[in-house]
Amino acid sequence: MQPDKFTNIYRLPGSLQIRIGRWQQTFRGTSDIVLHRALEVRNDFFHKRAFFPKGWNIPLVDENDFSITHHGKYIQTAMRTMVDRKVAYKRIYLSRLPMEEAEPALRRFKQEWARKHNRIAKKYNQIKKKQFLQYAREEVETLYPSVPKEHFDKALWNRLVQSEFGPEKRYSNPYFVKKALV
């Protein structure tokens, strides 16, 4: 057995332990047979639940739970652009629109963006889960760590956005909102 590190599996003196979130399970012994069993249990956990190691998924945005901050001359909310998911701010200047109209308009704008973002995030998460489980199965077969530390896959995200909504030129804003324009 290699002293390498496996995702969510920790070596203790005389045993192996799986820790995923608040759930954990300990296996007595440190042989290859015990490691094989621990890897199978870990993979079953990930296969049955919608739980990912850090960096392997994009959290969904709640359509009704977001903040709008007031800055005197304007109000704004933080969002991510559809292409590349860069953090950006949508502002409405109160000189253009009175407060009683600006806040509901910004809320509608963000809700439409959240629906579109979540549509892409669900597809992205499905693809990434398949990739993760493929690496995890490889670990069971080889008993060698093969799950890489994952980071956001910008190319995959952009391909999904392109296939779902079409080219960026069709939209007047980087959030791909068409109906609730402000």
Side-chain angles (χ1 to χ4, degrees), residues 1-66 78-88 110 112-168 171 174-177:
M1 187 167 72
Q2 302 291 329
D4 297 317
K5 294 184 177 183
F6 290 88
T7 303
N8 298 103
I9 295 182
Y10 300 92
R11 297 181 187 281
L12 303 175
S15 63
L16 294 173
Q17 188 176 62
I18 303 171
R19 293 184 216 145
I20 303 173
R22 294 182 180 180
W23 179 80
Q24 68 181 20
Q25 186 171 350
T26 305
F27 298 86
R28 297 183 91 179
T30 57
S31 69
D32 286 349
I33 295 169
V34 175
L35 176 61
H36 186 269
R37 181 67 188 135
L39 289 168
E40 285 178 336
V41 170
R42 179 204 63 185
N43 292 354
D44 287 343
F45 182 90
F46 282 120
H47 189 70
K48 292 177 182 173
R49 295 191 173 93
F51 197 89
F52 292 94
K54 187 174 183 176
W56 280 89
N57 75 327
I58 293 178
L60 301 179
V61 178
D62 186 359
E63 292 182 30
N64 299 314
D65 186 26
F66 55 85
M79 305 165 74
R80 289 189 176 268
T81 61
M82 277 297 181
V83 175
D84 297 340
R85 284 193 80 235
K86 295 177 184 174
V87 175
K110 185 138 186 191
E112 182 179 339
W113 168 83
R115 283 190 295 276
K116 290 183 175 189
H117 177 273
N118 288 345
R119 233 166 59 201
I120 300 298
K122 286 175 185 174
K123 290 179 181 181
Y124 178 91
N125 291 343
Q126 286 175 340
I127 292 169
K128 295 306 274 184
K129 184 165 188 170
K130 285 180 185 175
Q131 288 177 356
F132 173 78
L133 291 175
Q134 187 175 8
Y135 285 123
R137 279 190 295 276
E138 185 179 318
E139 284 185 345
V140 171
E141 293 170 5
T142 63
L143 295 182
Y144 189 78
S146 60
V147 175
K149 288 191 185 265
E150 189 60 37
H151 300 288
F152 173 64
D153 188 350
K154 192 187 307 187
L156 172 62
W157 177 269
N158 289 342
R159 264 195 327 271
L160 291 171
V161 168
Q162 177 83 16
S163 69
E164 185 74 21
F165 302 119
E168 191 176 2
Y171 299 91
Y175 313 106
F176 288 25
V177 174

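The basis for the numbers below is simple: all heavy atoms, side chains too, and nothing from hydrogens, waters or symmetry mates. Note that the numbering runs from 1 along the sequence shown for the chain. Because the structure is predicted, anything quoted here is derived from the model rather than measured.
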Next item on the list: Begin from the C-alpha positions of K122 and L60 and carry the test side chain to side chain contact (heavy atoms under 4.5 Å, CB included) through to its verdict.
Entry: CA-CA 8 Å; K122 286 175 185 174; L60 301 179; 3.9 Å; yes
Next item on the list: Output, in order, the C-alpha distance, side-chain angles, deciding distance and verdict of side chain to side chain contact (heavy atoms under 4.5 Å, CB included) for I20 and F46.
Entry: CA-CA 9 Å; I20 303 173; F46 282 120; 3.8 Å; yes
Next item on the list: Evaluate side chain to side chain contact (heavy atoms under 4.5 Å, CB included) for F45 paired with I18, printing each intermediate quantity in order.
Entry: CA-CA 10 Å; F45 182 90; I18 303 171; over 6 Å; no
Check: side chain to side chain contact (heavy atoms under 4.5 Å, CB included) between L16 and R11: does it pass, once the steps are laid out?
Finding: CA-CA 5 Å; L16 294 173; R11 297 181 187 281; 3.7 Å; yes
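Here the side chains of N8 and R19 are not in contact, with every heavy-atom distance at 4.5 Å or above. Taking 4.5 Å as the limit, every side-chain heavy atom of F27 sits out of range of all side-chain heavy atoms of L35. For the pair N158 and D84, the minimum side-chain heavy-atom distance is below 4.5 Å. Between R37 and I33 the shortest side-chain heavy-atom distance does not fall below 4.5 Å. The shortest side-chain heavy-atom distance between W113 and F176 does not fall under the 4.5 Å cut-off. A 4.5 Å side-chain heavy-atom check between R28 and V34 finds every atom pair outside the cut-off. At a threshold of 4.5 Å between non-hydrogen side-chain atoms, the residues P167 and Q162 count as touching. Within the 4.5 Å cutoff, side-chain heavy atoms of F165 are placed close to those of Y171.
Taking CG of L12 as the reference point, atom OG1 of T26 lies at 6.5 Å (rounded to 0.5 Å). With values rounded to the nearest 0.5 angstrom, Q17 atom CD is found 9.5 Å from Q25 atom CD. One finds the CD atom of E168 at 8.0 Å from the OG1 atom of T81 (value rounded to the nearest 0.5 Å).
Taking E63 as the reference, R115 meet the salt bridge (charged side-chain N to carboxylate O under 4.0 Å, His left out) condition, with sequence neighbours excluded.
In plain terms, the two heavy atoms of A88 and Y175 that are nearest each other are CB-OH, 3.4 Å. Scanning both residues, V147 and E139, for their nearest heavy atoms gives N-OE2, 3.2 Å. Closest heavy-atom contact between W56 and K128: O-CB, 3.2 Å. Residues E40 and H36 approach most closely at OE2-CE1, 2.9 Å, considering heavy atoms. Scanning both residues, V61 and A114, for their nearest heavy atoms gives CG1-CB, 4.1 Å. Shown here for E164 and I120, the closest heavy-atom pair between the two residues is CB-CD1, 3.5 Å.
A cation-pi arrangement, defined by a distance under 6.0 Å to the six-membered ring centre and an angle within 45 degrees of its axis, is present between R85 and F152. For R42 and F6, the positive end is not near the middle of the six-membered ring at less than 6.0 Å and at most 45° from its axis.
Using cut-offs of 30° and 60° on the angle between ring planes, the pair W157 and H117 is tilted.
Under the 4.0 Å criterion applied to side-chain N and carboxylate O atoms, R137 and E141 are not assigned as salt-bridge partners.
Distance alone, capped at 3.5 Å, places no donor-acceptor pair between the K123 side chain and the L160 backbone. Side-chain atoms of K110 come within 3.5 Å of backbone atoms of A78 as a donor-acceptor pair (strictly under, hydrogens ignored).
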